[in-house]
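To start, the structure itself, in C-alpha cells.
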Amino acid sequence: MILGRTPAVGHVAVLHRSAERAEAVARILRSSGHRVTIIEPGRRVVQTIVERTPELLIASMGYSEPPIGGVLRSARQALGADLGVMVLLGLDDPDSLVEADEMIREPLDPGELQLRVGNLLRAQADRRQLNRKLQELLGLYKVSWAFSLAGGATPLFAHLSRQCAEIVKAQKGLVLLFDRDRRQMIGQLDGFGFTREQVQRIRYAVDGEARSRWNFRKNGPLVSNKAQSDTRLMPEMTADLDLHSVLVVPLAAGPRIHGLLLAADRASGAAFNDDDLNVLMAVAGQATVAVENLRLHEELMRANDMLKEYDQIKSEFVAIVAHDFRKPLMAIRGFAELILEEPNLSPETRQEFMKTVISETDGLASLANDTLLITQMETGLLKFRWTEIDLGPFILDAMPLGLSDHSVLLDIPPQFPKIVADPDRLRQVLSNLTTNAVKYSPGGGSITVRCRQRGDDHLVIEVVDHGIGIPEEQIAQLFQKFSRVRSDEHMKIGGTGLGLYICRLIVEGHGGQIWVESEQGKGSVFGLVLPLDARAAQATADKKTEANPALKPGRSS
Ligand code: ADP
C-alpha cells in the first residue's frame, strides 16, 4: 500500500449532451495534465463509464438520454466510492436534483474548473485510500475472525475463499495449496463461486508448464484483466473456470510458498488494479498464518495418533510382562527356594532343578528379547543393516545345534547368487522356522531347507518338516501376535506365539512374504519369498511411498 499518494491529476470522464461543450471541458482539463475520456451519449453510457473506470465523472445536468440521475446512480453503484462526481449546471438548472460531490455552473471559468477538479481528485484519492484501508481492516478482521471459528481444513478454505472474493468485490475466490510431495498446486474445497467439480479439476504440476508461464516465487503476485489470453496463466484453466479478470497472490512465509489465493471477475465487469492487489496481499499474509497453523494442527493430530498407538503397544507389553513373565519367574523362584531350603535333596535332583532354573531363565530372556524386538519393529525404531550374504554357508550356520532325533538337509543349487539382507534378522527367521520344525516334530524325522531363485530378482526358501502339522482352520491366524494352535498336541509343547509374528515382520520389512502349507498329522512347509537385493527393493518402495503417502503401510497386527 502506497500511503500519502494524493494526485492532483487523474482520469476524468466527461458526459455532455453537446459534443462541442464536452470537447471544450476536455481541452481545459488536458491542458492541466489530466487524462480525459469523452463518453459518447447513448444507451451504453453507464457501461462505458464502468469499463473505463475514471476517477472522476463530469456530467452535465442537462444530459437526459437516459436521465442523468439514473446514470449517476448506476455508475456509483458499480464503481462505489472510487468514482467522484462533478455536475455541470446550466444557467437555469436547480442544484438539488442529483447527488454529486461538486456542482459547477456553466459558463465555465477555465481556471476555476481546473482548481476544483484538482481539489476534487485530491480529496477523491484521499477518500479512496481511507476507504481501502478501512475495507482492508474490516476484511482482515473478518478473515481472522473466520480463522478462529473454522474447525478444520474445508470450513477454513471455504471462509477464506469467500473473504478473498468479497474483499475485492469479486464473484469468485479460491485457495490453492502446494503439495510438496507431489509438487502440485491443488484447488481446495470449497471455492467461492466455483462448483465442487471445477475445484476438484484444479491440479497442476508447478515444475512443468506453469513455471515457464509465471513463477510466483520469483515474479510475485499477478493482476490480469484479460485472463483468457494472458500468456502468464494456464489457458486450459482460465477457459475451464471461465475466468476473465484475475488477481493471484502467493501464500508465502519467507521463500517458502504454501499456495495461492485467487480472486476473479467482478459483477460490475470493472478491472482489478494495484489497490485490489494490495488488499489481497494483506489477506494472504493472514491466510498464510492460518494455513501454517492448520498444518501444525494436523501434524499435532498425527503425532497424537502415533502416541496413542505407542501407548497401546506399551499397554500390550505391560500385559505380556504381567502374564507371560510371571509363570517362568514363579518357577525359577520355586526351584531356587527348593535348592536353598531342602537340605536332603539328592545331587541328581538338585542338578535337575538347576537345569530347570537355567532353561526357564533362558526362556525368559528370549521372551524379553522378542517383545523388545517387536516393539522396535512396530514403532519403526529398528533399522535393517543391509549386508551381502552367501546363502549356503549362512543357512548351515543358522541351523539348531545338537539334534539327535532329527536330520537336517540343505537343498540349494550350486552357484546360488549372493543376496543382500540383514544377516542378524534373516538368521533369526531361519532359526525360528527350523527350531519350530524340530519342536513340532516330536517323533523325530528329517527336516529340509530348500532354496531356489524365482524370476530375475527373488528367491524362495522353504522349511519342510514331517511333524504334527496344523489344523486347516487355524492356519490363517498363525502369523498374528501371540497366536498358538489350540490343540492338546500343540499346547503340550511350550511356546509364546511370538516367533512367527517376528518372522513375518522381518520378512515384510525385507519386502518379502511368508506363508505356510500344512496337513494335520503329516507335516508343514513354511515358505518365504524375498527380493535378492532387499536394500534396493526397500529404496524403490520408499520412493513410491514418498510419491503417494497413501501407500504407507500401517502398523501390522
Ligand atoms: P511358539 O512356537 O513360540 O508358540 P511361533 O509363533 O513360532 O510360536 O508359532 C506359533 C504357533 O504355530 C505354534 O504355537 C505352533 O502351534 C504353530 N507352529 C509353528 N511352527 C509349526 C510347525 N512347524 N508345525 C506345526 N505347528 C507349528
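Whatever order the structure lists them in is the order used to number ligands and atoms, beginning at 1.
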Nearest non-hydrogen protein atom, atom 11 (C) of ligand 1: S483 O, 3.6 Å

Salt bridge D424-R427, side-chain N to carboxylate O under 4.0 Å: yes

Among Q200, R201, K172, side chain to side chain contact (heavy atoms under 4.5 Å, CB included) partner for F194: K172

Any donor-acceptor pair under 3.5 Å from S518 side chain to I470 backbone: yes

Any donor-acceptor N/O pair, W214 side chain to M234 backbone, under 3.5 Å: no

Contact check, G467 vs ligand 1, heavy-atom distance below 4.0 Å: no

Heavy atom of the protein closest to atom 14 (O) of ligand 1 (residue, atom name, distance): R484 NE, 3.0 Å

Proximity flag F526 to ligand 1, non-hydrogen atoms under 4.0 Å: yes

Side-chain donor or acceptor of Q228 paired with backbone N/O of L243 under 3.5 Å: yes

4.0 Å heavy-atom contact, K439 with ligand 1: yes

Over 12 foreign heavy atoms within 6.0 Å of CZ, R333: no

Which residue and heavy atom of the protein sit nearest atom 1 (P) of ligand 1, plus the separation: G497 N, 3.5 Å

Top protein contact for atom 23 (N) of ligand 1, by heavy-atom distance: D465 OD2, 2.9 Å

Contact with ligand 1 for I470, non-hydrogen, under 4.0 angstrom: yes

Polar atom proximity, V485 to ligand 1 (N or O, under 3.5 Å): yes

Atom 24 (N) of ligand 1: the protein heavy-atom neighbour that sits closest, reported with distance to 0.1 Å: Y440 CB, 3.3 Å

Gap between atom CD of Q184 and atom CZ of F178 - 0.5 Å precision: 9.5 Å

Atom 7 (O) of ligand 1 [closest protein heavy-atom partner, distance rounded to 0.1 Å]: N436 ND2, 2.8 Å

Atom indices of ligand 1 within 4.0 angstrom of G495 heavy atoms, with elements: 1 (P), 3 (O), 4 (O)

For atom 12 (O) of ligand 1, closest protein heavy-atom neighbour: L478 CD1, 3.6 Å

Atom 3 (O) of ligand 1: nearest protein contact (heavy atom, Å): T496 N, 2.9 Å

Under 3.5 Å: donor-acceptor pair, side chain of R504, backbone of F479: yes

Ligand-side contact atoms (ligand 1) for residue partner G499, heavy atom cut-off under 4.0 Å: 5 (P), 6 (O), 7 (O), 8 (O)

Shortest heavy-atom approach to atom 16 (O) of ligand 1 - which of Q520, E489, H490, R504: H490

Test item: L426 and L530 side chains (from C-beta on) under 4.5 Å apart, heavy atoms: yes

Which segment of L498 sits under 4.0 Å of ligand 1 when only heavy atoms are counted: backbone

Nitrogen or oxygen atoms of Y501 and ligand 1 under 3.5 Å apart: no

Polar side-chain atom of T288 near backbone of A253 as donor-acceptor pair, under 3.5 Å: no

R350 side-chain N/O to I339 backbone N/O, donor-acceptor pair under 3.5 Å: yes

Numbering as shown, the atoms of ligand 1 that approach L500 to under 4.0 Å (heavy-atom distance): 5 (P), 6 (O), 7 (O), 9 (O), 10 (C), 12 (O), 19 (C)

Heavy-atom neighbours of E472 CD exceed 12 at 6.0 Å: no

